[in-house]
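Read through the structure below, which is laid out as structure tokens, and then see the notes.
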Amino acid sequence: MAGPADSQARPAGPESGAEGTPDDGAQPPKAAPATATATATAAATAAKKAAGSDRNQSSSLRRALAVLGHVRDHGNGRGVPLAQLSEALGLNKSTVLRLTGPLLDEHLLDRDRETGWFRLGHGSLRLGQAYLSTLDLRSVAAEHLRRLQREAGETVHLTVWQAPGIVYLDKVEDETNVRMASRVGSRAPAYCTATGKAILAWLPDEAVTEVVAAGLRPVTAWTISDETHLRADLARIRARGYSIDDRENEPEVRCVAAPIFDHTGEVTAALSVSGLTSRMTAARVRSLGPVVAQVGLRISRELGSDRQSG
């Protein structure tokens, strides 16, 4: 038989391989070296400084762009004096001068040697030309047309001016609805189509005279076919910002359209929403008018126009 000493379980020590049992002779863990703590603190400080630097650079960039924008909007060909920039932007003169430095280096701004006034430099022209060279009306308008078609649930057209009428440049339609007779590349008269009148309303008077001289043949019973009524309709279009074709080109179709302006401020195109009169009631046309006009302005802005309304 085993003796008393053998019958009692011995506490497992570190030598036994048991885990989780403290060793009475073990030393408490040592504190992290001071150098490690200092390194971590330095890293955190550096990160904060970097974030602050990024914020400062971003703020400086925004203020420099504000300087450039103010000169663009208020230069009027002569330029803008330093005092005006300082007052308008709420910055002291030394800050304005610091912000204009890189803009002058890149010729986005020029400064008159005699007056000291700032004006846009040829770098701005090159930048604008580079932007315009990438623009294509159809590609710029494409997503806007698709979004408008989904919102309205009707056929959407994009047309361009080709005196004395218009040419269909693009068309987005709902396959579930009755299809419009229009097709991309085809021509239509300006005086009896919504897009044609939307363009004509903002063209010089000579364009209206040219359209009238080409003839105002009635296409439907509702076509405007005399000059007096046409000019009165164009005046109403300019006043409200959008045009209406009330069965004037197709007897069962109503359309509402708005002009599109280019970077020179000239009207060059128009977009429209068209549908059967059973769906495009007079009330619905009036509700869609401002929507179509806003889409026209958004496309115009992407083309470089600064117009705020038709």
When rounded to the nearest 0.5 angstrom, what distance separates [atom1] in [X] from [atom2] in [Y]?
X    : Y    : atom1 : atom2 : value
T155 : K171 : OG1   : NZ    : 6.0 Å
L158 : I299 : CG    : CD1   : 6.5 Å
I199 : W161 : CD1   : CH2   : 7.0 Å
K197 : C192 : NZ    : SG    : 8.5 Å
L276 : R247 : CG    : CZ    : 12.5 Å
R126 : E106 : CZ    : CD    : 8.5 Å

Using atom types as modelled, flag every donor-acceptor pair under 3.5 Å from a side chain in residues 286-298 to any protein atom, sequence neighbours excluded.
{"residue": "S287", "atom": "OG", "partner": "R284", "partner atom": "O", "Å": "2.8"}

Does a side-chain N-to-carboxylate-O contact under 4.0 Å join D205 and R231? yes

Taking 4.0 angstrom as the limit, do E143 and R150 come out as a salt bridge? yes

Taken in chain and number order and not counting sequence neighbours, the residues that satisfy side chain to side chain donor-acceptor pair (under 3.5 Å) with R147 are none

Looking only at non-hydrogen atoms, find the nearest pair between [X] and [Y] and report the distance.
X    : Y    : answer
S225 : L216 : CB-O, 3.2 Å
V160 : L169 : CG1-CD2, 3.9 Å
P164 : A190 : O-CB, 3.5 Å
V167 : R187 : CG2-CG, 3.8 Å
C255 : V253 : SG-CG1, 3.8 Å

Using the side chain to side chain donor-acceptor pair (under 3.5 Å) rule, take R98 and S94 through it: C-alpha gap first, then chi angles, then the decisive distance, then the call. CA-CA 6 Å; R98 177 175 56 81; S94 61; over 6 Å; no

So do L271 and T195 actually touch side chain to side chain, heavy atoms under 4.5 Å? no

R78, CZ atom: more than 12 neighbouring heavy atoms under 6.0 Å: no

With salt bridge (charged side-chain N to carboxylate O under 4.0 Å, His left out) as the criterion, how do D170 and R138 come out once you've worked through the C-alpha distance, each side chain's angles and the decisive distance to 0.1 Å? CA-CA 7 Å; D170 205 353; R138 190 172 182 178; 3.5 Å; yes

Out of T277, D246, D245, N249, which residue meets the side chain to side chain donor-acceptor pair (under 3.5 Å) rule with R254? D246

Please state whether the rings of W202 and F261 are parallel, tilted or perpendicular, taking 30° and 60° as the class boundaries. perpendicular

